[in-house]
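Working notes for the structure below.
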Amino acid sequence: MNIQLPHCTETEFEVLAIVLHNKASFLDITTSIKPEQFYHESIGQALDFLIKLDAQGKPIDPVSAVRESRDKVVSDVILKAMNQFISAERVGYLLERFRDLHMRRTYWKIGHKLQSMAFDTSIPPSELVDQVETEIMGIHSGDGKKDIIEPKQAAIKAFELFHERQRSQEPIGISFAKKGTDGFVHGFPGVDEALSGGAQPGDAILIAAQTGEGKTALAVNLATYASVFQAKKTYYQNTEMSEEELVFRVVSNLSGIPFTEVFTGKLTGEPGEILEKQTRLEKAFDTYSKSNIYLSELPELSAGQSKGLARKFKHRYGELDLLVIDYIGRLETDGDMKKGLQEHQVLARIAKESKKLAKLLNCVVIILAQLTEDQKLEGARRILNDMDLALFVEVLDSKDKEQYPVATHWLRKRKTRRSGKGSRDILIKFDKPIQRISEVYIQNKRKPKTKDEIEVEPQAING
């Protein structure tokens, strides 16, 4: 059966006509679409010919192009297109229509390809999922392949980025700290430092802790700095608790009111105190409602579903800056992934997929994992291979507690891909009643002695 895929011949000819008649629109068109994306191969060949002419510094008007062409098919297409020009102001509409039709054809081809692969029993289901997701994301994110990059091109681009960052006062990527009106830095400057200035799109970060030692609280606090105090979009995939409980954790943190009081709805204290708490809570709930922390309550989340939902989020909201997966030990693994694999091998594979997802969606992915009683992580070496930063939460022992009386835990830096291992681990304070975690010491680099360290208290919502 001969199936005619979605296309519009007039649109394709008019796109080519604008290139021929309006040089100012040439860059807009050739950076948005590619010759191979045309339904009519001959029109795509004509655009490819014009791109090559321009690269040689030759004119691309219809008369000059036909004169240069040695291909009759290309010449005929150009002659036909030259009469299709209406207005360069239509370029935005035409590009949108062109991409829409190309996307529809691509979806059909992916579905047809998946149908063929589904009948091949030698192909595992996970490969089908990966194939489909890779191709679909390719539609939305464009061709991200950079097989060969010339040194001059790379140097110019990197130098421009350097100057852009030098001029800007904004943090690089996602910052997990902020400078308060009191002049102190609040949040997690040590985490920013470990990431050489902040988390970058494509980064994968691991947070590991024993049960009850704050891995979820730490992730929630990091998300708060990204999406309450900044405008970054966070998608928190939660497998452990209800959406209300997770919101209560954030609100407890923001308001400074104990989680148990928020959770039960029973505020304690004198009437005046209760009224003041009520006001703080209302402000905290309002702050959360205006934040960019999006939630999922997914008790039976699989690795494949996690990827699919993240892709769906980016497609729906246009951006995804931070994805939190809480936690990988509770992810239901796809059937084929479990065949012949031990648990630590499965976890390592999920970690690898998380890193691939971070790069595919151009976002930061934080995955949470559970440590054993002796502070071990199953499959740690293979998991860490794919991480840009790995932080293990560890309770201070009595000796450290004596030296750092305000701190409660270490964030042990088990992997720091960009910053190296020169700096010490991060000291934090876990205020469990209000689910607040903050870095409590900042090292004075000119006087690197513990007595010169200062305590940093977290930013209060009302201050």
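Note that this is a predicted model, so its numbers are computed, not measured. Starting from 1, each residue takes its place in the sequence as its number.
Using cut-offs of 30° and 60° for the angle between ring planes, the F313 and Y235 rings count as parallel.
Side-chain atoms of D321 do not come within 3.5 Å of backbone N or O of T234 as any donor-acceptor pair. The backbone N or O of G198 lies less than 3.5 Å from a partner atom in the side chain of Q200, making a donor-acceptor pair. In this structure a side-chain-to-backbone donor-acceptor pair under 3.5 Å is present from N221 to I437. For S438 (side chain) and G187 (main-chain N/O), no donor-acceptor pair under 3.5 Å exists by modelled atom type. Judged by distance alone, the side chain of E439 and the main-chain N or O of G190 form a donor-acceptor pair under 3.5 Å. Judged by distance alone, the side chain of T416 and the main-chain N or O of A194 form no donor-acceptor pair under 3.5 Å. Of the possible donor and acceptor atoms, one in the side chain of K432 sits under 3.5 Å from a partner among the backbone N and O of G212. Put simply, the side chain of K401 gets close to the backbone of P405: a donor and an acceptor are under 3.5 Å apart. In this structure, the side chain of E261 does not engage the main chain of P258 through any donor-acceptor pair within 3.5 Å. Using modelled atom types, one side-chain atom of S227 and one backbone atom of K232 make a donor-acceptor pair closer than 3.5 Å.
Atom CZ of R412 sits in a crowded spot, with more than 12 heavy atoms from other residues, nucleotides or ligands closer than 6.0 Å. Enclosure of atom CD in E96 is not indicated, since only 12 or fewer non-hydrogen atoms of other residues, nucleotides or ligands lie within 6.0 angstrom.
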Subject >> Criterion salt bridge (charged side-chain N to carboxylate O under 4.0 Å, His left out) on K215 and D326, from CA distance to verdict >> reply: CA-CA 9 Å; K215 62 179 181 294; D326 184 1; 5.9 Å; no

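Distance check, rounded to the nearest 0.5 Å: CG of L391 to CG of L368 gives 10.5 Å. The line from CG of L246 to OG1 of T216 is 8.0 Å long, rounded to the nearest 0.5 Å. For the atom pair NZ of K355 and CD1 of I205, the computed distance is 9.5 Å after rounding to the nearest 0.5 Å.
Side-chain contact annotation: S255 with K277, donor-acceptor N/O pair under 3.5 Å absent.
In this structure, the side chains of E243 and N238 stay at 4.5 Å or more apart for every pair of heavy atoms. Residues Y225 and H186 are in side-chain contact: their nearest non-hydrogen atoms beyond the backbone lie under 4.5 Å apart. For the pair D386/K356, no side-chain contact is recorded, criterion being any heavy-atom separation below 4.5 Å from C-beta on. Residues I33 and F38 meet the side-chain proximity criterion, which asks for heavy atoms closer than 4.5 Å. Side-chain contact between L389 and D203 is absent, with no heavy atoms from C-beta onward closer than 4.5 Å. In this structure the side chain of Q237 never reaches within 4.5 angstrom of the side chain of V324, judged on heavy atoms.
For the pair R414 and F392, the cation-pi test (distance below 6.0 Å, angle within 45°) is passed.
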